[in-house]
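In what follows, chains carry the letters A, B, and so on, assigned in the order in which the sequence lines appear, proteins first and then strands, with residues in each chain numbered from 1.
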Protein chains: 2
Amino acid sequence: MTTQNVEEKSEICPAQALLKMLSGKWKPEIYRLALSGPLRFNSLLRQINGSNKQSLTTALRELEECGLLERVVVQQKPLHIDYLLTEKGKQLAPVMEQLESLS
Amino acid sequence: MTTQNVEEKSEICPAQALLKMLSGKWKPEIYRLALSGPLRFNSLLRQINGSNKQSLTTALRELEECGLLERVVVQQKPLHIDYLLTEKGKQLAPVMEQLESLS
DNA sequence: TTGAGTAGTCATGTTTTTTTGACTAATTGT
DNA sequence: ACAATTAGTCAAAAAAACATGACTACTCAA
């Protein structure tokens with residue numbers, strides 16, 4: 001979806017927005033890994049078994065878009081990209097823990 | 001998926017199971033409505049704008065399956081079905097509230 | 001200057017989810 | 001007896017999500 005659809009964009013259910021942030025096959029796993037430090041693309045690709053470039057790219061872009069992750073170009077010796085949790089991303093952590101505690 | 005696939009059934013991410021319970025287009029809305037009392041099929045269909053029988057049926061079955069809702073045949077004058085929150089469903093409520101509080 | 005690692009894009013194909021419309025079947029009100 | 005309301009099912013189509021494989025472009029080390 002590149003252009004916004006004017007129709008039906010009324011979020012009726014408030015939690016739905018948050019659920020949508022972590023919807024899909026790979027986002028929960030990516031988010032969880034992000035909790036323990038900066039992520040790098042190829043590393044993710046190796047860590048998340050069964051995933052693929054395209055899907056990870058999409059997921060990372062969406063996590064960026066909703067403000068949970070931040071994409072940072074690291075200007076260091078081998079020059080790379082870090083995906084870091086934003087403040088919002090960190091605030092989500094305790095809620096996720098509670099989710100996990102529910103069996 | 002009628003038969004269980006032996007492969008890849010390892011839930012790596014614990015929160016993922018819970019997220020899956022409310023995944024899809026209509027489940028969050030159904031759950032939210034269930035918080036304020038018993039649900040009835042045709043009423044839901046009218047309330048949830050843009051939905052349809054088939055999708056609601058599927059969503060309700062899945063919410064039953066994961067133990068958030070219970071389907072009850074009410075043996076009263078006009079004989080109908082009530083969908084009620086289970087204990088587990090009620091326990092989820094505070095977590096959802098927290099989710100909502102995260103803007 | 002070649003080879004490996006970085007982080008991707010793009011077009012296409014497959015699979016899953018969601019929607020549509022026709023239909024069923026029991027109960028109740030007029 | 002007829003119509004409406006209850007709560008759905010079924011097959012098929014459309015839409016969305018996900019996967020595959022080829023390709024790009026930059027950096028760095030040997």
Participant: Take A:K53 and A:G50, find for each the nucleotide of DNA chain D with the closest heavy atom, and name the residue whose nucleotide sits nearer the 5' end.
Facilitator: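 Result: A:G50.
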Participant: Using the closest heavy atom to pick a nucleotide of DNA chain D for each, name whichever of A:P78 or A:N52 lands nearer the 5' end.
Facilitator: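 The answer here is A:N52.
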Participant: Looking at B:W26, I'd like to know whether one of its side-chain N or O atoms comes within less than 4.0 Å of OP1 or OP2 on C:dT19.
Facilitator: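 Yes, within the criterion.
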Participant: Take atom CZ of B:F41 and atom P of C:dT24, then tell me their distance rounded to the nearest Å.
Facilitator: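 Spelled out: CZ on B:F41 to P on C:dT24 is 18 Å.
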Participant: When the distance from CG of A:L56 to C1' of D:dG21 is rounded to whole Å, what number comes out?
Facilitator: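 Rounded to whole Å, this separation is 16 Å.
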Participant: D:dT5, OP1 or OP2 - any side-chain N/O from B:N42 closer than 4.0 Å?
Facilitator: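 No, outside the criterion.
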Participant: Could you please name the option among C:dA7, D:dA7, C:dT9 that lies closest to any side-chain atom of A:T57?
Facilitator: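 Of C:dA7, D:dA7, C:dT9, C:dT9 is nearest to the side chain of A:T57.
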Participant: Within this structure, what is the NE2-to-P distance between B:H80 and C:dT28, rounded to whole angstrom?
Facilitator: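 Roughly 12 Å, once rounded to whole Å.
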Participant: Return no unless some side-chain N or O of A:S55 is found under 4.0 Å from OP1 or OP2 of D:dA19.
Facilitator: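 Checking A:S55 against D:dA19: at least one side-chain N or O falls below 4.0 Å of OP1 or OP2.
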Participant: Whole Å only: how far is the CD1 atom of B:I30 from the C1' atom of C:dT18?
Facilitator: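 Distance, rounded to whole Å: 13 Å.
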Participant: Any donor-acceptor pair under 3.5 Å joining the side chain of A:Q54 to the base of C:dC10?
Facilitator: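 Result: at least one qualifying N/O pair found.
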Participant: So, is B:K25 close to the C:dT19 phosphate, meaning a side-chain N or O under 4.0 Å from OP1 or OP2?
Facilitator: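 Yes.
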Participant: Let me know the distance between CD of A:Q76 and C1' of D:dC28, rounded to the nearest Å.
Facilitator: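 A:Q76 atom CD is separated from D:dC28 atom C1' by 15 Å.
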Participant: Between the side chain of B:K27 and the main-chain N/O of B:S23, is any donor-acceptor distance below 3.5 Å?
Facilitator: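 Yes, B:K27 side chain to B:S23 backbone: donor-acceptor pair under 3.5 Å.
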Participant: Think A:R61 has a side-chain N or O under 4.0 angstrom from the OP1 or OP2 of C:dG8?
Facilitator: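 Result: yes.
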Participant: Ignoring hydrogens and angles, tell me if any N or O in the side chain of A:Q16 forms a donor-acceptor pair with the backbone of B:K25 under 3.5 Å.
Facilitator: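 Yes, the answer is positive, given that a donor and an acceptor are paired below the 3.5 Å cut-off.
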Participant: Do the side chain of A:Y31 and the main chain of A:A93 share a donor and acceptor less than 3.5 angstrom apart?
Facilitator: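 Yes, the answer is positive, given that a donor and an acceptor are paired below the 3.5 Å cut-off.
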Participant: Can you measure A:E29 atom CD to D:dC18 atom C1' for me and round it to whole angstrom units?
Facilitator: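 One finds 16 Å between C1' of D:dC18 and CD of A:E29, rounded.
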Participant: To the nearest Å, how far apart are A:R46 CZ and C:dA7 C1'?
Facilitator: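 In whole Å, C:dA7 C1' and A:R46 CZ are 12 Å from each other.
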Participant: Flag the pair B:L60 / B:F41 as yes when at least one side-chain heavy-atom distance between them is below 4.5 Å, and no otherwise.
Facilitator: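 The answer is yes; the side chains approach within 4.5 Å.
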Participant: How many angstroms lie between atom CG of B:L56 and atom CD of B:E29, to the nearest 0.5 angstrom?
Facilitator: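 These two atoms lie 10.0 Å from each other.
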Participant: Please state how far atom NZ in A:K20 lies from atom C1' in D:dA16, giving the value in whole angstrom units.
Facilitator: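 Rounding to the nearest Å, NZ of A:K20 and C1' of D:dA16 are 13 Å apart.
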